[in-house]
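Notes follow the structure.
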Number of protein chains: 2
Amino acid sequence: MTPLTIKVACSNCNLRELCMPMGLSDAELDRIDDVVASRRKVKRGGILFRNGEKFTSLYAIRTGFFKTCVASEDGRDQVTGFQMAGEVMGLDGIVNDYHTCDAVALEDAEVCVMPFDRIEELSREINSLQRHVHKIMSREIVRENGVMLLLGSMRAEERLAAFLLNLVQRLHARGFSQSELVLRMTREEIGSYLGLKLETVSRTFSKFVDDGIVEVKQRHVRILNAESLKDIVNPKVCD
Amino acid sequence: MTPLTIKVACSNCNLRELCMPMGLSDAELDRIDDVVASRRKVKRGGILFRNGEKFTSLYAIRTGFFKTCVASEDGRDQVTGFQMAGEVMGLDGIVNDYHTCDAVALEDAEVCVMPFDRIEELSREINSLQRHVHKIMSREIVRENGVMLLLGSMRAEERLAAFLLNLVQRLHARGFSQSELVLRMTREEIGSYLGLKLETVSRTFSKFVDDGIVEVKQRHVRILNAESLKDIVNPKVCD
DNA sequence: CGAGAGATTGAAACCAGTCAAAAAGGGTGG
DNA sequence: CCACCCTTTTTGACTGGTTTCAATCTCTCG
């Protein structure tokens, strides 16, 4: 007989190869279970944390899909990232003890709440956890470097191509198709992330369809020619 | 009599309020001195570390001024930041054990080399150091969020205004003037950072001069009207 | 003093933005 | 189950900010 309730724990989470416990031994895994204080469900459109809110915890996504966005004083805002299962949110809050962005669920979601003081405590004892926390933060820095390159020097087609390739690659790492994906976000949110207007995103999708590179039906995208996408991102200079 | 050589140590560094040892007690300060393994001088134009190089250490700037830049495969590159005294470089290297950007000195510089395994070791023992390391990484994430907002949604004038205000604010924190600064980088490097061409940077400077907001003489900039700059960055919506 | 890197300025081209209208979905309530 | 409303998406025409290309100018440094 299976027990009625399965223990809330990293050790039996199917994301353990991707998420916080990555690279930990079984013994260490048991100890990290204490870090996950609780789970929290967030409905589509719901807010996990918002700009200005007190920072207490990091959040690991169990299911669902999020966007994070920052806003300037005059109301402009910018999507800074899209996060999926196994990814960690909330790192922005550490420096000033309050969050500097909003985290919004783009579909019904569930996250593991990891109080940061517990993480710090435990990572003093478990070297591989300490290392892992550092890597997660460093990975975010490197990711943002890439986005800066994209925003600073790419044209609309290059940005959208890079975006699609990145999404599909991350989905593939989670066992989904390499060529098909369902966008969880609107054209406007894609545009905000890529520094483009929603009309430009739409037009660029249409162009890719005309060129036979992708099929698009609303939010369903099928990549017909990944090589072309890669060529768009990194044009080969021939001379 | 003063000793002939002053010990290479955080405890007698005039940047200790700004740099790695920030917020540590005197006792802890003595221990963190061990982290700084050595100093390294980098000449103007010299490279501290480059993309692909093995990651071993973080670097705290003692004197001088750096830029960091990433490059895409097809040769495009993007300045991801300008760093000055007391700021830490190399965080990008943690995640994959090699650096993913270049760090180039824009003037003769000296850095403190801090082997990362020593930092990890010591931050297991000294809570405030652990916290500080986390804050430094988080600060970099938040900074990059701000740059994404800038690159994604601001126009040329807004970008340059934000850039000048940011620079002068950081210089002021280091005891320099609130209204005068010397740019250590070329128009092209500013443009790369701001996602603009060098001509656009130059034109925008000229426009600010015409508007009486700044005086510019080559790399010397005097801010005549900081309020105007702030208004440009955050236009007041009046309705 | 001359050479070369860096900066400024002008004119034309172009990519993305803006404004506007229409089409396509998706969800809700009768 | 269908009609209707609202959000999202697409497409067109036009505008405008930035880039591109080119010429000139200014400093710095050997």
Side-chain angles (χ1 to χ4, degrees), chain A residues 43-45 67 76-79 104 106-108 150-164 181-211 214-221 232 235 237, chain B residues 43-45 65 67 76-79 104 106-108 150-164 181-211 214-222 232 235 237:
Chain A
K43 282 235 161 303
R44 179 162 178 274
K67 68 170 177 181
R76 225 177 329 218
D77 83 26
Q78 167 87 18
V79 173
V104 181
L106 297 181
E107 58 181 6
D108 290 356
L150 180 145
L151 291 172
S153 70
M154 291 189 180
R155 294 176 321 103
E157 291 178 33
E158 300 170 328
R159 295 184 197 193
L160 189 62
F163 171 72
L164 289 175
L181 67 158
V182 177
L183 300 172
R184 253 66 243 216
M185 68 297 278
T186 66
R187 301 289 189 263
E188 183 166 22
E189 286 162 336
I190 296 172
S192 173
Y193 181 61
L194 298 179
L196 301 169
K197 293 292 154 184
L198 69 97
E199 295 94 330
T200 306
V201 174
S202 179
R203 270 185 249 274
T204 308
F205 266 123
S206 300
K207 176 163 192 319
F208 286 174
V209 172
D210 289 348
D211 295 350
V214 299
E215 269 175 31
V216 178
K217 201 170 201 175
Q218 293 292 118
R219 300 199 176 177
H220 295 258
V221 177
I232 290 171
V237 184
Chain B
K43 282 237 162 301
R44 179 161 179 275
F65 200 90
K67 68 171 178 180
R76 223 177 331 219
D77 83 25
Q78 169 85 19
V79 173
V104 181
L106 297 181
E107 57 180 8
D108 290 357
L150 179 146
L151 290 173
S153 70
M154 292 188 179
R155 295 177 317 105
E157 291 179 34
E158 299 170 330
R159 295 184 197 193
L160 189 62
F163 171 73
L164 288 175
L181 67 156
V182 177
L183 301 172
R184 254 61 247 214
M185 68 296 279
T186 66
R187 301 289 189 262
E188 183 166 22
E189 286 162 336
I190 296 172
S192 173
Y193 181 61
L194 298 178
L196 301 170
K197 293 293 156 186
L198 69 96
E199 294 95 330
T200 306
V201 173
S202 179
R203 271 185 250 273
T204 308
F205 267 123
S206 299
K207 176 163 192 319
F208 286 173
V209 172
D210 289 348
D211 295 350
V214 299
E215 269 176 29
V216 178
K217 203 168 200 174
Q218 293 293 120
R219 300 201 176 176
H220 295 259
V221 177
R222 181 199 305 263
I232 290 171
V237 184

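Quantities reported herein were computed from a predicted structural model and do not represent experimental measurements. Residue numbering restarts at 1 for every chain, and letters A, B, ... go by the order of the sequence lines.
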**Prompt:** For the atom pair NZ (B:Lys217) and CZ (B:Arg222), what is the distance rounded to the nearest 0.5 Å?
**Reply:** 10.0 Å
**Item:** Atom pair NZ/OG of B:Lys197 and B:Ser192 - distance to nearest 0.5 Å
**Value:** 8.5 Å
**Message:** Taking the axis from the first five pairs and the axis from the last five, what angle separates them in the helix from C:dC1-D:dG30 to C:dG30-D:dC1, rounded to 10 degrees?
**Reply:** 40°
**Complete:** CG of A:Asp211 to CD of A:Glu157, rounded to nearest 0.5 Å, is 7.5 Å
**Asked** B:Glu158: what forms a side-chain contact (heavy atoms from CB on, under 4.5 Å) with it, not counting sequence neighbours?
**Response** A:Arg76, B:Met154, B:Arg155, B:Ile232, B:Pro235
**Fill in**
Output for pair (B:Ile190 CD1, B:Tyr193 OH), nearest 0.5 Å, gives 11.5 Å
**Complete:** When rounded to whole Å, the CD to P distance for the pair A:Glu157 and C:dA16 reads 7 Å
**Complete:** Per side chain to side chain contact (heavy atoms under 4.5 Å, CB included), A:Phe163 is matched among A:Leu194, A:Leu196, A:Leu150 by A:Leu194
**Message:** Students often get this wrong, so: under 4.0 angstrom with heavy atoms, is A:Arg159 touching a base, only sugar-phosphate, or nothing?
**Reply:** nothing
**Prompt:** Given the rule in the side-chain contact (heavy atoms from CB on, under 4.5 Å) test, do A:Leu151 and A:Gln78 qualify, once you have shown the distances and angles that lead to the verdict?
**Reply:** CA-CA 12 Å; A:Leu151 291 172; A:Gln78 167 87 18; 4.1 Å; yes
**Asked** Checking all strands, does B:Ser206 fall into the base, sugar-phosphate, or nothing category for heavy-atom contacts under 4.0 angstrom?
**Response** sugar-phosphate
**Asked** Looking only at heavy atoms, which two atoms of A:Val216 and A:Arg187 are closest? And how far apart?
**Response** CG1-NH2, 3.7 Å
**Asked** So how far is it from A:Glu189 CD to A:Leu183 CG, rounded to the nearest 0.5 Å?
**Response** 10.5 Å
Every protein N/O within reach of nucleotides 2-4 of chain C N/O, cut-off under 3.5 Å:
none

**Fill in**
5'-most to 3'-most nt of DNA chain D touching chain A (<4.0 Å, heavy-atom partner on protein side) reads D:dT8 to D:dA13
**Request:** Measure across B:Asp108 and B:Arg44 and return the closest heavy-atom pair with its distance rounded to 0.1 Å.
**Result:** OD1-N, 2.8 Å
**5' priority, DNA chain C, between A:Arg44 and B:Phe205 [closest heavy atom]** = B:Phe205
**Prompt:** Using a cut-off of 4.0 Å between protein heavy atoms and nucleotide atoms, how would you tag nucleotides 19-25 of chain C 5' to 3' with B, S and -?
**Reply:** B------
**Message:** Ignoring hydrogens, what is the shortest heavy-atom contact between B:Ala156 and B:Thr200? Give both atom names and the distance.
**Reply:** CB-CG2, 3.9 Å
**Asked** Considering residues, nucleotides and ligands other than B:Arg219, do more than 12 of their heavy atoms fall under 6.0 Å from its CZ?
**Response** yes
**Request:** Scan residues 182-197 of chain B against DNA chain D and write down, sorted by residue number, each residue with any heavy atom closer than 4.0 Å; if none is found, say none.
**Result:** B:Gly195, B:Leu196, B:Lys197
**Asked** Does a side-chain N or O from A:Thr200 land closer than 4.0 Å to OP1 or OP2 of C:dG17, or not?
**Response** yes
**Message:** For A:Glu188, I'd like to know if atom CD has over 12 heavy atoms of other residues, nucleotides or ligands within 6.0 Å.
**Reply:** no
